[in-house]
Number of protein chains: 2
Amino acid sequence: MTATTHDVQAEILKAIAQETRLSILELLRDGERCVCEIFPAINYEQSNVSRHLNMMQKAGILTRRKDGLKIFYAIKHPEVLEIIDLASAIMKREAGSRHDLMRAI
Amino acid sequence: MTATTHDVQAEILKAIAQETRLSILELLRDGERCVCEIFPAINYEQSNVSRHLNMMQKAGILTRRKDGLKIFYAIKHPEVLEIIDLASAIMKREAGSRHDLMRAI
DNA sequence: ATTCTCTATGAGCGTTTGCGCATACACTAT
DNA sequence: ATAGTGTATGCGCAAACGCTCATAGAGAAT
């Protein structure tokens with residue numbers, strides 16, 4: 001029960017570190033979206049997307065807003081997108097160094 | 001086989017988003033360490049720590065250097081620590097808003 | 001060659017994850 | 001009340017994860 005600092009950090013990062021959730025977060029980069037807009041866009045079952053959104057909200061990185069039937073989710077902390085961008089930076093540099101390695105052979 | 005952008009991003013972030021690995025990365029913040037220094041510090045089996053280090057190296061976030069018997073691991077990209085720090089920032093803000101919620105009741 | 005130290009790997013186990021299908025729930029509209 | 005739309009949840013399943021114990025490799029030292 002006693003959650004350590006690393007437990008909480010891991011919970012937040014795990015909420016971001018998954019293919020489907022990254023697709024969702026990329027959509028939410030432009031602003032809030034409802035489930036009905038998201039799941040056709042990324043081509044997954046509505047239930048699956050709903051679970052992912054719920055999970056991210058519980059992890060504290062998404063907000064939830066009800067409007068009639070629809071429920072709109074949005075990114076809560078701008079740091080989430082910064083984290084994704086940093087991961088992209090690592091990815092690109094890694095791809096580059098692998099190219100260098102290729103060329104060296 | 002065709003790895004998408006999100007697959008690679010997720011692989012990098014997953015390599016960070018785990019309690020034990022966060023402990024290891026925190027140790028590596030001060031510079032390179034060998035397995036023999038790390039596993040007693042975080043109180044896990046040597047084999048377990050070895051696997052985590054190997055996994056992070058394959059994900060591209062750690063470097064590996066051999067020196068006699070010992071093998072030294074180090075953080076390869078400074079962005080890794082930035083990501084952890086951003087997660088901390090989110091964590092603190094969340095903790096704050098939860099306090100506000102508590103006080104509001 | 002033997003022994004000692006450090007690291008990696010095989011095997012096994014319980015838990016968690018991500019997914020789809022079907023169904024329940026919430027709200028709106030007629 | 002009934003039907004329709006949007007969202008959440010129960011269930012089951014295959015795969016991945018994280019861990020430990022035991023063992024194998026690799027290199028140093030005697």
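Values below: every heavy atom of this structure, side chains too, minus hydrogens, waters and symmetry copies. Order of the sequence lines sets the chain letters (A, B, ...), proteins ahead of strands, with each chain counted from 1.
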What is the distance, to the nearest angstrom, from the [atom1] atom on [X] to the [atom2] atom on [N]?
{"X": "B:Phe72", "N": "C:dC6", "atom1": "CZ", "atom2": "C1'", "value": "11 Å"}
{"X": "B:Met56", "N": "D:dC17", "atom1": "CE", "atom2": "P", "value": "14 Å"}
{"X": "B:Met55", "N": "C:dA8", "atom1": "CE", "atom2": "C1'", "value": "16 Å"}
{"X": "A:Ile71", "N": "D:dT5", "atom1": "CD1", "atom2": "P", "value": "18 Å"}
{"X": "B:Lys14", "N": "C:dT16", "atom1": "NZ", "atom2": "C1'", "value": "12 Å"}

Exercise. Check whether any side-chain N or O of B:Gln18 sits under 3.5 Å from a backbone N or O of B:Thr20 as a donor-acceptor pair, and report yes or no.
Key: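 Checking the backbone N and O of B:Thr20 against the side chain of B:Gln18, a donor-acceptor pair under 3.5 Å is found.
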
Quiz item: So does A:Lys70 pair up with A:Glu37, basic N to acidic O under 4.0 Å?
Solution: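 No salt bridge links A:Lys70 with A:Glu37.
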
Exercise. Inspect the contact between B:Glu11 and B:Lys14 and indicate whether a charged nitrogen and a carboxylate oxygen are less than 4.0 angstrom apart.
Key: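 No salt bridge links B:Lys14 with B:Glu11.
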
Self-check item: Phosphate-side-chain proximity, B:His52 and D:dC17, N/O vs OP1/OP2 below 4.0 Å
Solution: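 Looking at the OP1 and OP2 atoms of D:dC17, neither is under 4.0 Å from any side-chain N or O of B:His52.
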
Quiz item: Any side-chain N or O of B:Asn54 under 4.0 Å from OP1/OP2 of C:dT9?
Solution: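 Answer yes for this pair, as a side-chain N or O of B:Asn54 is under 4.0 Å from OP1 or OP2.
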
Quiz item: Could one point to a donor on the side chain of A:Ser47 or the base of C:dC21 with an acceptor on the other under 3.5 Å away?
Solution: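 In this structure, the two groups form a donor-acceptor pair.
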
Exercise. With rounding to the nearest 0.5 Å, note down the distance linking OG1 in B:Thr63 to CZ in B:Phe72.
Key: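 It is 11.5 Å, given to the nearest 0.5 Å.
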
Quiz item: Can you tell which of D:dT9, C:dC6, C:dG10 lies closest to the side chain of B:Arg51?
Solution: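 Of D:dT9, C:dC6, C:dG10, C:dG10 is nearest to the side chain of B:Arg51.
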
Atom pairs, protein N/O to nucleotides 26-30 of chain C N/O, distance under 3.5 Å:
unit_1 : atom_1 : unit_2  : atom_2 : d
C:dC27 : OP1    : A:Lys66 : NZ     : 3.4

Quiz item: Looking at A:Arg64, A:Lys76, A:His52, which one forms a side-chain contact (heavy atoms from CB on, under 4.5 Å) with A:Gln57?
Solution: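 Testing A:Gln57 for a side-chain contact (heavy atoms from CB on, under 4.5 Å) against A:Arg64, A:Lys76, A:His52 leaves exactly one candidate, A:Arg64.
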
Practice problem: Using a 4.5 Å cut-off on heavy atoms from C-beta on, say whether the side chain of A:Ile71 contacts that of A:Arg65. | Solution: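 Heavy-atom side-chain distance check fails, nothing below 4.5 Å.
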
Quiz item: Can you tell if the side chain of A:Ile83 reaches within under 4.5 Å of the side chain of B:Ile90, non-hydrogen atoms only?
Solution: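 Yes, side chains in contact.
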
Self-check item: Residue mapping more 5' on DNA chain D - nearest nucleotide basis, A:Ser50 or B:Asn48
Solution: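 Its nearest nucleotide being more 5', the pick is A:Ser50.
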
Quiz item: Using a cut-off of 4.0 Å on non-hydrogen atoms, how would the nucleic acid contact of A:Tyr73 be classed: base, sugar-phosphate, or nothing?
Solution: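 Sugar-phosphate, no base atom in range.
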
Quiz item: Looking just at side-chain N and O atoms, do A:His77 and A:Glu82 make a donor-acceptor pair shorter than 3.5 Å?
Solution: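 Not at all, the side chains of A:His77 and A:Glu82 share no donor-acceptor pair under 3.5 Å.
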
Self-check item: Pair A:Asp7, A:Thr4: side-chain N/O donor-acceptor within cut-off below 3.5 Å
Solution: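 Yes, because at least one side-chain N or O of A:Asp7 sits under 3.5 Å from a partner of the opposite role on A:Thr4.
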
Practice problem: May I ask you to list the residues of residues 16-46 of chain B, by number, that have any heavy atom positioned under 4.0 Å from an atom of DNA chain C? | Solution: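 Residues of residues 16-46 of chain B that come under 4.0 Å of DNA chain C are, in numerical order, B:Cys34, B:Val35, B:Cys36, B:Gln46.
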
